[in-house]
Structures are given as structure tokens and as C-alpha cells.
Amino acid sequence: MYNSIVNFIRHIFNEQEEFIPLHAPVFVGNEKKYLNDCIDSTFVSSVGKYVDQFEDKVAEFTGASKAVVCVNGTNALHLAMLLIGVEREDEILTQALTFVATCNAISYIGAHPVFLDVDLNTLGLSPVAVRDWLDNNAIIKEGQCYNKKTGRRIKACIPMHTFGHPMMIDELIDICNKYNIVVIEDAAESLGSFYKGKHTGTFGKIGAISFNGNKTITTGGGGMLLFQDKELGLRAKHLTTQAKIPHRWEFMHDEIGYNYRMPNINAALGCAQLENLERFVTDKRETATLYKDFFRNIEGVEFFTEPDHCYSNYWLNTLIFKDKKAQQEFLKYTNNNGVMTRPVWQLMNKLIMFKDCQTDSLKNTEWLEQRIVNIPSSVRLKK
Ligand SMILES: *Cc1c(COP(=O)(O)O)cnc(C)c1O
């Protein structure tokens, strides 16, 4: 059976011999042209027209009022928390089923992640789990939400749109609003994914995107923040540029800033990649349909499909095996046979840095950890 799956994957990627990666970048547009332009003009660093263009184009595509580039998705998340006033010792609600960057960013501020369960039909943070946990643990004092047991302020909630599939963001925001908790969306994996027709990352106060090499489009390394509040976006820009007050020759700074701005050369790559984003997502969705039809006839494993009301970019295609044994056997067989597959990240609450953090039962999270395998998902457009 595993052999027929490997053959099918080789067939759809039209690759009979070579190693098939999980997600490789594809450059079929103006990448070289724009990169050459940067070099010819000498504008390769933190100033240049591609930075502004890239921000404007992403804002237009996602429907955000303002988009601000960062050096990567991790510092985009860090900056988002600084912007909404997260402080040392605050608590941040998030999911244990995520990439470590989400929790690292929380730790940069000295805040504490709290790990709550995900939904089986979205793989993202469960609004019901958040509500239940808040109903049992939270209290509002002078307009702020506090944890009754630890006494710490619960400042923000960071849901993640796992593998590009939108979670139930509107329901989550309703609950967080009742508790005065700010929502920041970790939309690192979900550029090109929409929930009820609206782009992921534009529901919360701030959304964070990643353009790492394995994401749907790449700038080499890079990130972006999405804002509805334009003023907050302008403040983000200020913080990413060492909090320098714009002036033609004077160097003046009015607070502690960061060197978090994406260089022009990366933004040039991003502009070229963005021109193909819709083609890429269409292609990825076709791959997902091929997988879906194929796995319908395979026993003991299910292909994960986009939740209701969602248009997903299918960043990483996902299988759910019947049990851990089948998951492990499949991982071994495929990786031994030149087809890269991988389990979900080790759960955050099991990492040594976060092992003492609060959690709920994490029932669905642990069930999924034993069963998820991601399979090759690169864009298949011909070079
Ligand atoms: C990729 C990713 C990030 C971080 O992005 P980088 O650009 O690699 O720093 C954050 N969160 C999630 C869920 C991611 O998948």
C-alpha cells in the first residue's frame, strides 16, 4: 500500500527518480529581472522601491489597510506583541500545535504562553476550548483580563491557521472581545487563504505572515504585518526602522527601535513571487484535489480537506492516519524511498522551554500529534 502511495506522489510531481521535497520554492516569473534591477541600481539594502511596492501589493491582495515588511515571520510576531502592549509576565493564549516561532516570539517579551486545544476540523485553535478555559480561569478587573490562579494579566490570544487552513477566527474574536483580549493572527502559513471570503490575518488586531523559503511564496527570508488600523501600521514601520525620525540628514530616535526591516533585494523577490501567488494557490489546490481523490480509496488514512466556509492555500497537504503505528511506518517508508514526509511539530508543551506552561486537556491536539503526516506540496508549475 505504501508503495502505491509513493508511486502516486511520484506521478503527480512527474518525478520518477529524484528526491521529492516537502515544499520547494518555484521561480517562474520576474524574479531575476527584479533582482538584477536591485543590483544595477545598487539599492539592495533597507531603502528602495520594492519595499514600498511589496507592502502596497500585499495590502491590496489581502484587503489590509496597511502592510509592513519585517525580516522574518518570527520578528513580525514579536513586533505585533510589542505594538499591542504585551509586557513581561503577561499570559498569551495560543495552541500547542504550532511551529516554535509563535512561542519563541512570546518568550522574547518575557510573556508566558498558555496552550489550549485545537479543533479536529480546522487544526487551528478551538474557540470552544478558549471559551471554556476563560470561563474557568479568567476574571475581569478594571477592564483587563486576569488569570485567577496565577494573578497574571491575559493580554492576547494568538491563533494559528495551521498548514494554511483557516481556523474559526470570527468565533474566537467574539469570545476574546468579551474578555478584552487582543487577537493577533499567526497567518505565517496562510497567505492566499480566505475565511468567509476575507483574507486570513485581517480579522485580528494584527496578522503576521512569513515568506520563509518553505512558505507558499518566498523572499528568501521575510515577514509582513497586516493592519486594519493604519496608525498602528505606521507605528510598526517606525519600530522596524530603529525608531528613527524621518529627516534627510539628522539621526534622531524617539524610543528603543529594532532593525527589523526587510531589505529591498528580498522585497524584489517578493514582488515577483506575489505576481504568481494566485497561480500558485490554484496549482496547490489542484494538487490537493488529486490527493483527495486518490486517498478516498486508501484504507486507514484520511486526506485533510479545507474546513467549511474556507478557501485554503493548502500550504502543506496533510494525512491523518488511523493510529501512531501507521503514522510511523508511513514516515519511515516514504523517507527511505526518496519522498519527504514529516509528522507535525513536536507539541509546544512538550518542549523543554515550555514544559511548565499551563495547558487545558489538549485532547484533540494529542490525538492529532499521533496521526498527522505532511506530504509533498510544492507548486507543480513547470519551470
Ligand atoms: C514559518 C512560521 C513562522 C515564522 O516565520 P519565519 O519567517 O520562519 O520566522 C511563524 N509561525 C508559524 C506557524 C510558521 O509556520
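Just follow the structure's listing: the first ligand is 1, and inside any ligand the first atom is 1. Each residue takes its place number in the sequence, starting with 1. Given the structure is predicted, the values throughout are model-derived calculations rather than measurements.
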Please check if the distance between the ring centroids of [X] and [Y] is under 6.0 Å.
X      : Y      : value
Phe304 : His165 : yes
Phe163 : Trp345 : yes
Phe54  : Tyr34  : no

For [X], the ligand 1 atoms whose distance to one of its heavy atoms is below 4.0 Å:
X      : value
Met160 : 13 (C)
Ala188 : 2 (C), 3 (C), 10 (C), 11 (N), 12 (C), 14 (C)
Gly222 : 7 (O)
Thr74  : 4 (C), 5 (O), 6 (P), 9 (O)
Ala101 : 3 (C), 4 (C), 10 (C)
Lys215 : 1 (C), 2 (C), 3 (C), 14 (C), 15 (O)

[X] versus ligand 1: do any nitrogen or oxygen atoms come within less than 3.5 Å of each other?
X      : result
Asp186 : yes
Thr98  : no
Phe211 : no
Glu189 : yes

Handout entry: Within one Ile-Leu-Val-Met-Phe-Trp-Tyr cluster: Met167 and Ile173, side-chain cutoff 4.5 Å
Key = yes

Practice task
Mind telling me whether Phe8 and His11 have parallel, tilted or perpendicular rings, with 30° and 60° as the class edges?
Solution key: tilted

Exercise for the section: If the plane angle is over 60° it's perpendicular, under 30° parallel, otherwise tilted; pick one for Tyr2 and Tyr333. Expected result: tilted

Fill in the blank from the handout: Closest to atom 5 (O) of ligand 1 among protein heavy atoms sits Ser210 OG, 3.2 Å

Problem - Close approach of Ala76 to ligand 1, heavy atoms, under 4.0 angstrom - result: no

Practice task
Evaluate the side-chain proximity of Phe354 to Thr359: yes if any heavy-atom separation is below 4.5 Å, no if none is.
Solution key: no

Problem - Nearest-0.5 Å distance, CD1 of residue Ile9 to CG of residue Asn317 - result: 9.5 Å

